[in-house]
Amino acid sequence: MTVSKTGVTAPAGPALSDRRSAEGRRPTRAATPRKPMRERDRSGYLFVAPFALATGLFLVVPTLYGLWMSFTNQSLTGTGSEFIGFANYLEAFSDPQVWQTLWHTVWFTILSTIPLVVVALVMALLVHTGLPGQWVWRMSFFAPYLLTSAVVWHLSNWMFQPDIGLLDTWMTGLGLQPLGWLTDENVAMFSIAGVTVWWTVGFNFLLYLAALQSIPAQQYEAATIDGAGGWRRLFSITLPQLRTITGVIVVLQLLASLKVFDQIYLLTKGGPNGSTRPILEYIYDTGFTNYRLGYASAISYVFFALILIFTLVRLLPARKEA
Amino acid sequence: MAVADIAEVRRTKALQERAENQALTRLTIGPSPWARAGALAALAVLAGIWLVPLVWGAVTSFKHEAEAALPASLLPTMGWTLDAYQKVLGSSDLVLWMWNSLVVAVLVTAITVLISAMAAFAFSQTLFKGRALMQWLTLAAIMMPGQILIVPLFREMQVLGLVDTFAGIVLPQVVAPVMVFILKRFFDAIPQELLDAARIDGAGSWRLFWTIVLPLSRSILVAVAIFVFIGAWNNFLWPFIITTDPQFMTLPVGLSTVKDAYGVQYAQNMASAMIAALPLLIVFMLFQRRIVQGVATTGMGGQ
């Protein structure tokens, strides 16, 4: 039951991936510069055309269109669209709703990212012990990830029901006060973060599991011969080797958590009293409920700036490796 | 004879796997029975917590509606029943939404894999004017989160007349620049001699792509396809924005419109949720190893 054993492996080693740059230098020395055949293959633009067309139509056009829209007072009802300069951006920066929903987004990101990394790591470490029941463990931890947000909503909404829900039943069973899981402003965000951890931790779990399986067994054998116990092997061999992947998982998780929408929209509609509304829902509300497309676009770009910072952080280590 | 052989192979494989797992146990937690028991207990507790919502939802779906609205009891006291399933399948658009989801997910997956593989082939194995620029643009496209484009994209779809159409749901989802780079990395590692030999034999790029590159890349193509399919099947935000007509709703969107008014039908809600959850769960049980690999390889975005 190991991923690496039959894992997806490239037909040749990593050395080959640098072929192009190596060839670039070769002609200066070789007597007859033997160009690789692919350099003469000029049909590439035909192959790239469908992807380029789709990207152009559904990514580049909306990106530019949205940018232009953010400088107008365009509305979904289609009446009038004038260029109003930076008015939308000025409004966004002084709009308490923008700051509030941005803070909710960041707060959710903090609340969800930490357990989503830590719990995933613990699960992967436990499963990687090779103890019996592998299929069951993997199934239980990963299955929720395969559910769509609407199913997660139905299931968790049922758990959270006041009085008759499972959680309240347990709380009263333990002699505690029932909690307003989704109706108490101080509790709702924690409930949503909890649901999110349950729902998506399986993904990070799989990434950790794959990383664990690539640690060579010899290192453990050597450590065992040197007399290192189980905990010692965990802290001296396993965890240090997971440092890189942890960095990647953390950044991927931050990016995913910042874009939260589905579960909050379905579970609380941003409530109670707007206390869980994330920025994406504010964009949605502004554009599709209040019909202010121009303003919604401007907020989108403010949000984009925030995401871009995290994305660039993610790309940095990739550059270093290349 | 052949069946016996397959059974034999299976048994050997299972034995081998068990031996590997036992070796792994020795290497990671060592021989102490207490440590093993502790780790097993921790696993059981975690798995228990993770299964509770699913199990409880499943049990509720088999309860009578009257009992479902009473304080929680784990097992039905009024007997098991398929009432909720019958009502849900008979009275809602659930089956239609499921069919829509399947159509959308299959189309998104097929188109994404095809155009991404073609672009990756172009970047990896051919030369054309503007290749560097295109590659740079593709890299930049990775940084663009689709979620912030919902407003202009919806407007564009209005102009194109694609609101409430399958094309409107599918097309914006087929742009997957990350997948292009994952595939390109794989294509880069295909031995150049093999491709050159085929070219000398007179194979054009189209044949090269279909008869050599794609068959050699089956594992990564499956991995990408699995990843894209799960994403498309579960996607909520975009289908939610682009569809208002129940006729075109996908499962996640349709299911989210099942409003719980006063006196909610919990058993029916759970039955709908179970029906919606089942297809992917079954697929996962059948192809667990493949899916685990696929997600692990593509999930990192090629890092």
Side-chain angles (χ1 to χ4, degrees), chain A residues 1 3 7-8 10-12 16-17 37-39 41-45 47-48 50-51 54-55 58-59 62 65-66 69 126 129-131 137 140-141 146-151 154-155 159 164 166 169 206-207 210 217 220 230 248 259 261-262 266 280 287 293 296-297 300 303-304 307 311 318, chain B residues 17 21 24-25 27-30 35 39-40 42-43 47 50-51 53 56-57 71-72 115 118-119 121-122 125-128 141 143 145 147-149 151-153 156 172 174-175 186 188-189 196 199 205 219-220 223 234 236-237 252 255-256 269 273 276-277 280 284 293 295-297 299 303:
Chain A
M1 258 322 219
V3 168
V8 180
L16 278 172
S17 59
M37 306 269 306
R38 75 162 157 204
E39 301 285 290
D41 189 336
R42 300 191 168 265
S43 62
Y45 64 93
F47 281 88
V48 91
F51 173 75
T55 309
F58 305 117
L59 198 104
Y65 186 39
M69 254 170 150
L126 284 169
T129 56
L131 287 166
W137 313 134
S140 345
F141 299 154
L146 295 168
L147 306 177
T148 182
S149 50
V151 171
H154 274 302
L155 288 175
M159 302 274 298
I164 62 166
L166 193 61
T169 312
L206 283 192
L207 295 186
Y220 290 108
V248 176
K259 296 173 197 160
F261 174 82
D262 300 12
L266 290 170
L280 260 182
L293 294 185
S297 300
S300 297
F303 179 44
F304 179 47
I307 288 186
T311 316
Chain B
E17 229 163 57
N21 281 333
L24 198 56
T25 312
L27 287 178
T28 47
I29 42 179
L40 260 183
L43 274 170
W50 251 251
L51 285 176
W56 202 51
I115 68 174
M118 284 172 68
F121 177 79
Q125 304 294 346
T126 71
L127 191 73
F128 57 94
M143 293 195 275
Q147 287 88 340
I148 71 147
L149 297 179
V151 172
L153 198 55
E156 189 185 336
V174 303
V175 181
F186 197 91
D188 278 346
D196 285 350
R199 281 193 170 113
S205 336
S219 59
I220 191 78
N234 286 340
F236 175 75
L237 182 59
L255 208 56
S256 74
N269 277 355
L280 267 197
F284 181 69
Q293 274 166 29
V295 171
T297 8
Q303 288 208 26

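To find a chain, count down the sequence lines: A is the first, B the second, and so on, and within it residues start at 1. For the numbers below, each heavy atom of this structure counts, side chains included, while hydrogens, waters and symmetry mates do not.
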Closest non-hydrogen contact found for B/Pro53 with A/Leu155 is O-CD2, 3.7 Å
Testing the basics here: between A/Ala54 and B/Val175, what is the closest heavy-atom pair and its distance to 0.1 Å?
O-CG2, 3.5 Å
How close do B/Ala119 and A/Val48 get, counting heavy atoms only, and between which atoms?
CB-CG2, 3.9 Å
B/Leu255 and A/His154: which non-hydrogen atoms are nearest, and at how many Å?
O-NE2, 3.4 Å
In Å and rounded to the nearest 0.5 Å, what is the CZ to CG distance from A/Phe304 to B/Leu149?
8.5 Å
Which bit of A/Leu207 is near chain B, if near means a heavy-atom gap under 4.5 Å: side chain, backbone, both or neither?
side chain
Nearest non-hydrogen partners of B/Ser256 and A/Ala150, listed with the distance:
N-CB, 4.0 Å
Specify whether A/Phe141 and B/Trp50 have parallel, tilted or perpendicular ring planes, treating 30° as the upper limit for parallel and 60° as the lower limit for perpendicular.
perpendicular
Once rounded to the nearest 0.5 Å, what's the spacing between atom CG of B/Asn234 and atom CG of A/Leu146?
7.0 Å
Heavy-atom nearest pair, B/Glu156 first then A/Pro62, reads OE1-CD, 3.3 Å
Approximate separation, where rounding is to 0.5 Å, of A/Leu131 CG and B/Asn21 CG
8.5 Å
Name the region of A/Leu293, side chain, backbone, both or neither, that has any atom closer than 4.5 Å to a heavy atom of chain B.
both
Quick check on B/Val174 against chain A: is it the side chain, the backbone, both or neither that has a heavy atom closer than 4.5 Å?
side chain
Contacting moiety of B/Ala35, where chain A heavy atoms sit under 4.5 Å
neither
Interatomic spacing from CZ in B/Phe128 to CZ in A/Phe47 - rounded to 0.5 Å:
11.0 Å
Has B/Thr25 got a side-chain atom pairing as donor or acceptor with A/Thr129's backbone, closer than 3.5 angstrom?
yes
Segment of A/Met159 engaging chain B (4.5 angstrom heavy-atom cut-off):
both
Portion of A/Leu266 that has a non-hydrogen atom of chain B nearer than 4.5 angstrom:
side chain
